[in-house]
*Asks:* 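Below are the structure tokens for one structure; questions will follow.
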Amino acid sequence: MANSWGIDAFYYTGFLFYLITIAQSLNTEELSTQSVEFEDEYGDIFHCVDIYKQPALDHPLLKNHIIQLRPSSIPTDFNVDVSSPNATSQFSVKKRGCPAGRVPIPQTKKGNLLSMFGTTKLVKTTDNGADIGPWWAAYQTKESTYCGGSALISVYGLELGSDQCSLAGIWVENDDGQMNNVVAGWTVCPETLGDTRTRFFIKWTADDYQTTGCTNLDCPGFVQIHKTFTPGSVLGPVSTYAGNQFYLPINIHRDQKTGNWWLNIGENTIGYWPGSLFTSLNNCATTISWGGAALSLGPKPPMGSGHFPDEGFGRAATVKNIQVQTAIGKEVGVQPNELSPSIIFYNCYRVGDPTFEVATDGLQFYFGGPGESDESEGESSETTKVVFGKGKRVPIVLRPKTLHHRQNPAWDILRIQ
């Protein structure tokens, strides 16, 4: 009897241990599930994946790629004044982020309107011949050797229709017969990104977007390093007309040792484009551009703040602290005579003269416009296309090949909140 009780107690104790083990296992599995996916306050879902198994490494050119966790070289003399509490737009402080060793990959959104900014054709058309853009207002450097570029770009929220996109940012490019570029900035693009929020945005290509490259992390290539902030994230706060101004501090630079192109937003290192993806950007770039762009299946949308440059500070969108990185890794300021404007549809979008309006802001210019609105009524319907200072007036329907790559150095952009 006693022996029987002892046997029963043994099995009873063993059964309890089994139940506890199962409960712990279920709890561990639940915690594990929670740690590999999170939702931010905007309803965006991010999947946390092993940094060494992220989708970027599915690219055939990255089969044996060794992930670089931090830049081996950092540009010197990068001058960005962010001392003011309202100087820069912030990443969302409510994001939980991923645990150590994992990086966030946003749940893919449907839509391809934003991808059309990749084309370097002057104007893209629909099947019925209607122009859909891109239209832009920007400045580009003279051709030289640039191993990076940076600036602070004011960030705005825009009310757009579902068939419109508007954006602003920096693009770094090299054309050896096939356009290579990397781009970063902010955009509002409901059709592609699912809502009218201002979002962080990147693009890249190694062949003028014929068979390579994409927006954000929609294809393998860009290596995500930051465990919280990623392309496609919402940005905020945004600037208000005649109110507080907020900026997106963007720095794109080439690692002198590895040849990878690193992307920093302020002090946040987001990730990099491996140099092995490119045919000409495996070396330095030949031009860098700053400004805004727009694309639409209907009326032309607003760009920047939605107001023309002549309204000035606090009312027109700004690009300031414009700098480039030299071949020896030094950030240097750009002079006005080193830039040339590129404008399409002067009655809708414009750029102001580059000036040193405020000493601490470095070289800056205003850009943007209302698009097709009451503010643009009464302007000449003729398109003024100022191509790198040449001031040539060309009807919008023309697509002169001599202006091919210069007219669209990769229209892309995005923001982070």
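When a residue number appears, it is its place in the shown sequence, counting from 1.
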*Asks:* Do H253 and V172 come close enough that some side-chain heavy atom pair is under 4.5 Å?
*Replies:* no

*Asks:* Take the angle between the ring planes of W273 and F222 and call it parallel below 30°, perpendicular above 60°, tilted in between.
*Replies:* perpendicular

*Asks:* Are the side chains of Y156 and S166 in contact, using a 4.5 Å heavy-atom criterion?
*Replies:* no

*Asks:* Answer with yes or no whether the side chains of Q364 and T355 bring together a donor and an acceptor at under 3.5 Å.
*Replies:* no

*Asks:* Distance from T326 atom OG1 to I328 atom CD1, nearest 0.5 Å?
*Replies:* 4.0 Å

*Asks:* Does a side-chain heavy-atom distance below 4.5 Å link I322 with I288?
*Replies:* no

*Asks:* Quick one: do I343 and V351 satisfy side chain to side chain contact (heavy atoms under 4.5 Å, CB included)? Show the steps, please.
*Replies:* CA-CA 7 Å; I343 306 170; V351 293; 3.7 Å; yes

*Asks:* If you round to the nearest 0.5 Å, how far is CG of L281 from CZ of R254?
*Replies:* 9.0 Å

*Asks:* Could you give the distance from CD (E39) to CG (D44), rounded to the nearest 0.5 Å?
*Replies:* 8.0 Å

*Asks:* Judged by modelled atom types alone, do Q140 and E173 share a side-chain donor-acceptor pair under 3.5 Å?
*Replies:* yes

*Asks:* When you look at CD1 of I66, are more than 12 heavy atoms from neighbouring residues, nucleotides or ligands closer to it than 6.0 Å?
*Replies:* no

*Asks:* Please check if any side-chain donor atom of T286 sits under 3.5 Å from a side-chain acceptor atom of E143, or the reverse.
*Replies:* no

*Asks:* Against the six-membered ring of Y346, is R350 placed for a cation-pi contact (under 6.0 Å from the centre, within 45° of the normal)?
*Replies:* yes

*Asks:* Walk me through whether C214 and Y209 qualify under side chain to side chain contact (heavy atoms under 4.5 Å, CB included).
*Replies:* CA-CA 8 Å; C214 62; Y209 296 94; over 6 Å; no

*Asks:* Using a 4.5 Å cut-off on heavy atoms from C-beta on, say whether the side chain of I153 contacts that of Y247.
*Replies:* no

*Asks:* To the nearest 0.5 Å, how far apart are CD1 in I252 and CD1 in I202?
*Replies:* 9.0 Å

*Asks:* If every non-hydrogen atom of A316 is compared with every non-hydrogen atom of F308, which pair is closest and at what distance?
*Replies:* CB-O, 3.4 Å

*Asks:* Do I45 and P106 come close enough that some side-chain heavy atom pair is under 4.5 Å?
*Replies:* no

*Asks:* For the pair I270 and T230, evaluate side chain to side chain contact (heavy atoms under 4.5 Å, CB included) and give the outcome as yes or no after the intermediate values.
*Replies:* CA-CA 7 Å; I270 307 303; T230 185; 5.7 Å; no

*Asks:* For a quick check under 3.5 Å, do D207 and T211 share a side-chain donor-acceptor pair by atom type?
*Replies:* yes

*Asks:* Please check if the distance between the ring centroids of F46 and H226 is under 6.0 Å.
*Replies:* no

*Asks:* Looking at every heavy atom in both W135 and P301, which two are closest together, and how far apart are they?
*Replies:* CZ3-CD, 4.4 Å

*Asks:* Within this structure, what is the CG-CG distance for the pair D361 and L152, rounded to the nearest 0.5 Å?
*Replies:* 8.5 Å

*Asks:* Mind listing the closest non-hydrogen atom pair of L295 and P134 along with its distance?
*Replies:* CD1-N, 3.6 Å

*Asks:* Taking atom types as modelled, find out whether H47 and E37 have a side-chain donor-acceptor pair closer than 3.5 angstrom.
*Replies:* yes

*Asks:* Donor-acceptor pair, distance only, cut-off 3.5 Å: does the side chain of Q256 make one with the backbone of C147?
*Replies:* no

*Asks:* Under the criterion side-chain hydrogen bond (donor to acceptor under 3.5 Å, both in side chains), which of Q323, E331, E267 is the partner of N251?
*Replies:* E331

*Asks:* Between I51 and I225, is any pair of side-chain heavy atoms under 4.5 Å apart?
*Replies:* yes

*Asks:* Return the minimal non-hydrogen interatomic distance between H307 and E311, and the atom names on each side.
*Replies:* ND1-OE2, 3.0 Å

*Asks:* Look up atom OG in S296 and atom CD in E372, then write down how far apart they are to the nearest 0.5 Å.
*Replies:* 8.0 Å

*Asks:* Under a 3.5 Å cutoff, is there a donor and acceptor pairing between the side chains of T258 and N260?
*Replies:* yes

*Asks:* For T212 and T205, does a side-chain donor sit closer than 3.5 Å to a side-chain acceptor?
*Replies:* yes

*Asks:* Checking ring pair (Phe, Tyr, Trp, His ring centres under 6.0 Å) against Y139, which of W290, Y366, F365 comes through?
*Replies:* F365

*Asks:* Is there a donor-acceptor pair closer than 3.5 Å between any side-chain N or O of T196 and the backbone N or O of E159?
*Replies:* no

*Asks:* Where is the tightest heavy-atom contact between A137 and Y349, given as atom of each residue plus distance?
*Replies:* CB-CB, 4.2 Å

*Asks:* Going through the checks in order, is the side chain to side chain contact (heavy atoms under 4.5 Å, CB included) test met by F313 and Q245?
*Replies:* CA-CA 9 Å; F313 177 76; Q245 300 298 297; 4.0 Å; yes

*Asks:* Would a line drawn from the ring center of Y272 to the ring center of W261 be shorter than 6.0 Å?
*Replies:* no

*Asks:* Can any side-chain N or O of K142 pair as donor or acceptor with the backbone N or O of N337 at less than 3.5 Å?
*Replies:* yes

*Asks:* So do I250 and S150 actually touch side chain to side chain, heavy atoms under 4.5 Å?
*Replies:* no

*Asks:* With heavy-atom distances below 4.5 Å as the criterion, would you say the side chains of Q164 and L158 are in contact?
*Replies:* no

*Asks:* What pair of heavy atoms forms the shortest contact from P104 to L217, and how long is it?
*Replies:* O-CD1, 4.3 Å

*Asks:* Charged N to carboxylate O under 4.0 angstrom, K257 versus D255?
*Replies:* no

*Asks:* Is it the case that the side chain of D50 and the backbone of Y52 share a donor-acceptor pair, with hydrogens and angles ignored and the cut-off at 3.5 Å?
*Replies:* yes

*Asks:* Are there over 12 heavy-atom neighbours, none belonging to Q335, within less than 6.0 Å of that residue's CD?
*Replies:* yes

*Asks:* Does S280 have any side-chain contact (heavy atoms from CB on, under 4.5 Å) partners at least two apart in sequence or in another chain, and if so, which?
*Replies:* N174, D176, N180

